[in-house]
There are 2 protein chains.
Amino acid sequence: MKLADTVAPIRPATAAFDVDALAPHLPTTRRRLRTGQHLYRAGQAFHALYFVHAGFLRTSLVADDGREQVTGFPMRGDLVGCDAIGAGAHIGDAIALDTCEIVELAYPAVLDACRGVPALHGMLAEAMGAELRRDRARLLALATLSAEQRVAWFLRGLARRQRALGYSAHHLCLRMSRVDIGNYLALKHETVTRALSHLDADGVIAVERREVRIPCVERLDAAAGAGAAVASRAA
Amino acid sequence: MKLADTVAPIRPATAAFDVDALAPHLPTTRRRLRTGQHLYRAGQAFHALYFVHAGFLRTSLVADDGREQVTGFPMRGDLVGCDAIGAGAHIGDAIALDTCEIVELAYPAVLDACRGVPALHGMLAEAMGAELRRDRARLLALATLSAEQRVAWFLRGLARRQRALGYSAHHLCLRMSRVDIGNYLALKHETVTRALSHLDADGVIAVERREVRIPCVERLDAAAGAGAAVASRAA
DNA sequence: CGTGCGATTGAAGTCCCTCAAGACGTGTGG
DNA sequence: CCACACGTCTTGAGGGACTTCAATCGCACG
């Protein structure tokens, strides 16, 4: 239950899921996705939550008129599909940006399993609470930060998540396009490019296509401006 | 369990809570708040969820550097405080904009109560799922709508929630200031005023200080632009 | 009756968007 | 293997939407 740790790194809650321990209480099925394949689509019946065991995805909300809003980039340790609970159907798409290995947790069967595994109940609630906090931290970032600060904030978030999984925080490989990043941050792709170029020119990062090196994390924190303080607590 | 209804009006999930039925399984305490009083503050220990029985609040996320982001305006039937689950402490303030009557649901005791009241478990999960959907619909609105569309979208959301509670959708009494609305919509208060004035000039609404009349809801939907379609499904 | 906060309106400025062109990298077919 | 086509990324110039700064008005409060 390291979830209760307020100052834990990004996405601690979902990363704490021990899917294997569930096996005796809940029939879990595994799925493998290739780059570009959909985990689910908007409108599809909701019948399971998805735990990302490996890979990298992009989730989005799709409006009736076709407008799309990227809602996140789940990676290993994240729980996907919570926003469909109570809606009956998925409200957006989830697409693999990489080869993915997914564990399916049938819903609402997973709720029944909570009785057999008491800790699961709290973990599920905490995973959703963490997701709410992330959404709101993002709202704060979009509402208060400039374009360049948002991009820095985004990169820093990715770096922290990587570090939390045991990888280096000094090198990122962006699996998503500039358009995806822009959509996620409420910016146009040209603006994302410009911000990256400018951060590069300032020596904060080194960008080469989708490879990003971060020599000094503190400088990136500073570039994320006033947002630096929040995300470490709320994300 | 009308919660499963996909096309239900705004905030059906939380409104479906039957708090009284919980009494035998969970010790609930009632609190009364006067205008301006805090239900909780950022940093305070998290030990309960709050069900709004009457009144109108404003919730916000508070950053370490003091920046504040309004996250919502809970009213009767809403569940408040879910975003603290797993964090140990509240990440923002909740302040009464009106005389409020609140029912406190101790956490994590409420999780244990789920065993005695099976339906509660699903309802809790669905309330949080609905909150996630609302946050993301708002993200979509902020990312894709113009200032005037956002304000129209905001008013329409309030009108729908009132209607869902049995009140008229043609007359609103805004309990929050222009600054609060602006913060919520990622706009400056002057821009909010200008948008309201313009909607008034167009005859879509009639604004007088904090009183808003909506003669034709369809015209307001149209003014919310492309956002009209989404919110009815995702909000 | 004065004080103060909230709301409104105007004018100037800034940031990001829009439109446009070019460069880079990749995959495909000849 | 090369040529071509396509998508992605990059960079520039101009314009528009919102912000910023500033002044005034209105209402509630002491």
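Scope of the values below: all heavy atoms of this structure, side chains included, with no hydrogens, waters or symmetry mates.
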Checklist outcome for this item: Its contact letters, B for base, S for sugar-phosphate only and - for none at protein heavy atoms under 4.0 Å, make nucleotides 11-17 of chain C read B----SS

Checklist entry - So, is the end of the B:Arg138 side chain (NZ or CZ) under 6.0 Å from the ring centre of B:Tyr184 and within 45° of the ring's axis? => result yes

Checklist entry - Do you see a donor-acceptor pair shorter than 3.5 Å between the side chains of B:Thr59 and B:Thr71? => result yes

Item to check | Atom-pair distance (CD1 on B:Ile181; P on C:dG6), nearest Å | outcome: 13 Å

Item to check | Atom-to-atom span, CG of B:Leu174 to P of C:dG6 - whole angstrom | outcome: 15 Å

Checklist entry - Whole-Å distance between D:dC18 P and B:Leu142 CG? => result 13 Å

Next on the checklist: Without decimals, in angstroms, what is the distance between B:His189 NE2 and D:dT20 P?
Outcome noted: 10 Å

Next on the checklist: Does A:Met176 form a side chain to side chain contact (heavy atoms under 4.5 Å, CB included) with A:Ile181? I'd like the steps, not just the answer.
Outcome noted: CA-CA 7 Å; A:Met176 71 296 287; A:Ile181 299 174; 3.5 Å; yes

Checklist entry - Quick one: B:Arg210 CZ to D:dA28 C1', roughly how many Å, whole number? => result 12 Å

Item to check | Presence of salt bridge, A:Glu131 and B:Arg136, under 4.0 angstrom | outcome: yes

Item to check | Nearest-Å distance for atom pair CG/P, residues B:Leu196 and C:dT9 | outcome: 10 Å

Checklist entry - Aromatic ring centroids of A:Tyr50 and A:Tyr40 under 6.0 Å? => result yes

Checklist entry - Is the shortest distance from a Lys or Arg side-chain nitrogen in B:Arg41 or B:Asp93 to a carboxylate oxygen in the other one below 4.0 Å? => result no

Checklist entry - B:Asp180 CG to C:dC5 C1': how many Å, rounded? => result 13 Å

Checklist entry - If an axis is fit to five pairs at each end of the helix from C:dC1-D:dG30 to C:dG30-D:dC1, what is the angle between the two, to the nearest 10°? => result 30°

Item to check | Interatomic distance where CG belongs to B:Leu199 and C1' belongs to C:dT8 [whole Å] | outcome: 15 Å

Next on the checklist: Closest-nucleotide mapping onto DNA chain C: is B:Val207 or A:Glu190 further toward the 5' terminus? I mean the 5' end.
Outcome noted: B:Val207

Item to check | Check ion pair B:Arg194-B:Asp200 (N to O, under 4.0 angstrom) | outcome: no

Next on the checklist: If you count every heavy atom of other residues, nucleotides or ligands that lies below 6.0 Å from B:Arg31 atom CZ, does the total exceed 12?
Outcome noted: yes

Checklist entry - Between B:Arg133 and A:Ile85, is there a donor-acceptor pair closer than 3.5 Å when you use the side chain of the first and the backbone of the second? => result yes

